[in-house]
Protein chains: 2
Amino acid sequence: MEKFTDVFRALSDKTRLRILQILISVKKELCICEIMDSLQLAQYNVSKHIRELKIAGLVKEHKEGRFVFYSIVEPKNTFHKNILQTLKVIPKNNEDIKRLKKRLVLRINGKIVVSCITNRRKCR
Amino acid sequence: MEKFTDVFRALSDKTRLRILQILISVKKELCICEIMDSLQLAQYNVSKHIRELKIAGLVKEHKEGRFVFYSIVEPKNTFHKNILQTLKVIPKNNEDIKRLKKRLVLRINGKIVVSCITNRRKCR
DNA sequence: TGCTTATATGCCCATCTGTGCATATTATAC
DNA sequence: GTATAATATGCACAGATGGGCATATAAGCA
């Protein structure tokens, strides 16, 4: 049962929901820089929240050089499928999506070429 | 967005999930006594957790004399429907269901006639 | 090797959360 | 009214949680 409460706990934070929402809407792998620029959050914050989403089994990572890309885990059981379905129904934060799109334009041939725009010390 | 995180937070506790599960499986209104006897929890604990489920909009109440009956709120939007669907997929705690059935047998014509069996001071 | 960039993590602190206990509230019966 | 049963709630406390900050780790590059 704890396994289930842990997933719900992971979803009970606004920042984590925002992270999941941009990952769901973009249907791509995103690196921490891109997430922090999209959500205007400090790097350590994105990193810590992503960690919890990973532990909950909702997000997976894929290392590539010094970048780490994160994406939604494809659901493997009914519970997980239902959770993702539920997340898709939650209205998205339009500002986040707008900034995400702006940020993604900066990729060249799918490669990250622009470093963190957001000052890592000042964003909340 | 807080509205959604609040629902997930309500679901992030084992006791609250157990309460929801017996309410879902029994498809009936249950009073606090019956819940505390089914889950073997202290009265104040059931009462407090039910309160949070009510605030989250997952459970509703119906007063009848000195009894208060609780039941699952029929979902009114897609998010809520998905949440209930998700809850139904979680494996139930068989012990809880067993004790619930035993407890329900004690009703006579649907009326509660047996008071709390569980000592309200000793159950955790 | 040394520098820079991307990400992770340990520590501190304020706040929140669940439990236990005691007590309050409400309704019913005598 | 008084006693009793069902439920709610305020308080205290221990443990968890999130944010901020500093720093660690790791990889690429000069």
Side-chain angles (χ1 to χ4, degrees), chain A residues 2 5-6 8-19 29-37 39-56 59 61-70 103 106-107 111-124, chain B residues 2 5-6 8-19 29-37 39-56 59 61-70 103 106-107 111-124:
Chain A
E2 278 78 5
T5 54
D6 286 349
F8 287 126
R9 203 197 57 74
L11 301 175
S12 72
D13 178 84
K14 195 180 170 179
T15 302
R16 288 192 290 271
L17 272 196
R18 286 170 70 205
I19 293 176
E29 296 184 309
L30 295 178
C31 69
I32 299 279
C33 311
E34 291 172 326
I35 298 173
M36 54 186 284
D37 284 342
L39 307 189
Q40 298 194 294
L41 292 169
Q43 176 270 328
Y44 54 79
N45 249 328
V46 174
S47 190
K48 283 174 182 173
H49 283 301
I50 281 271
R51 187 173 186 275
E52 299 198 52
L53 292 172
K54 244 181 3 187
I55 291 172
V59 156
E61 73 179 30
H62 159 219
K63 297 199 183 191
E64 212 172 302
R66 77 191 138 160
F67 291 95
V68 185
F69 290 93
Y70 291 96
R103 186 61 170 83
L106 304 180
R107 284 196 192 181
K111 296 277 177 202
I112 316 267
V113 292
V114 176
S115 61
C116 298
I117 296 166
T118 302
N119 179 314
R120 74 182 59 182
R121 286 283 142 70
K122 291 218 176 112
C123 298
R124 299 290 141 87
Chain B
E2 279 78 5
T5 54
D6 287 349
F8 288 126
R9 205 197 56 74
L11 300 175
S12 72
D13 178 84
K14 195 181 169 178
T15 302
R16 289 193 288 271
L17 272 197
R18 286 170 70 205
I19 293 176
E29 297 183 309
L30 294 177
C31 69
I32 299 279
C33 310
E34 291 172 326
I35 299 174
M36 54 187 283
D37 284 343
L39 307 188
Q40 298 194 294
L41 293 169
Q43 176 270 326
Y44 55 79
N45 248 329
V46 175
S47 189
K48 283 174 182 173
H49 283 302
I50 281 270
R51 188 174 186 277
E52 299 197 53
L53 293 172
K54 246 183 356 187
I55 291 171
V59 155
E61 73 179 31
H62 159 218
K63 298 199 181 190
E64 213 173 298
R66 75 191 138 163
F67 290 94
V68 186
F69 290 92
Y70 291 96
R103 185 61 169 83
L106 303 180
R107 284 197 192 181
K111 296 277 177 199
I112 317 267
V113 292
V114 176
S115 62
C116 299
I117 295 165
T118 303
N119 179 314
R120 75 183 58 183
R121 287 280 142 70
K122 291 216 179 117
C123 299
R124 302 288 142 87

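We use all heavy atoms of the structure for the numbers below, so side chains are in, but hydrogens, waters and symmetry mates are not. Labels below follow one simple rule: chain letters A, B, ... track the order of the sequence lines, proteins then strands, and each chain is numbered from 1.
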Classify Y70(A) by what it touches in the nucleic acid, base, sugar-phosphate, or nothing, heavy-atom distance under 4.0 Å.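 Result for Y70(A) = sugar-phosphate.
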
Taking 4.0 Å as the cut-off, does a side-chain nitrogen or oxygen of [X] come that near to OP1 or OP2 on [N]?
{"X": "T15(A)", "N": "dG19(D)", "result": "yes"}
{"X": "R9(A)", "N": "dA16(D)", "result": "no"}
{"X": "H49(A)", "N": "dT17(D)", "result": "no"}
{"X": "R51(A)", "N": "dT17(D)", "result": "no"}

Side-chain touch H49(A)/L41(A), heavy atoms, less than 4.5 angstrom: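 No. Closest side-chain heavy atoms not under 4.5 Å.
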
Whole angstrom is fine here: how far is it from CG in L11(A) over to C1' in dT17(D)?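 Roughly 16 Å, once rounded to whole Å.
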
K111(B) NZ to dA27(C) C1', straight-line distance once rounded to whole Å: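 So the two atoms are 15 Å apart, to the nearest Å.
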
For nucleotides 11-14 of chain C, which of its nitrogen or oxygen atoms have a protein nitrogen or oxygen under 3.5 Å away, and what is each distance?
none

Quick check: any donor-acceptor pair below 3.5 Å linking the side-chain of Q43(A) to the base of dA6(C)?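 Per atom types, no contact qualifies.
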
How do V68(B) and S12(A) order along DNA chain D: which one's closest nucleotide is nearer the 5' end?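 That would be V68(B).
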
Side chain of C33(B) (C-beta onward), nearest among dT7(D), dT19(C), dA8(C):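 When the side chain of C33(B) is considered, dT7(D) is the closest of dT7(D), dT19(C), dA8(C).
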
Are there any protein N/O atoms within less than 3.5 Å of an N/O atom in nucleotides 26-30 of chain D, and if so, which ones and at what distance?
none

Quick one: pull up CG in L53(B) and CG in D13(B) and give me the separation to the nearest 0.5 Å.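 Rounded to the nearest 0.5 Å, the CG-CG separation comes to 8.5 Å.
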
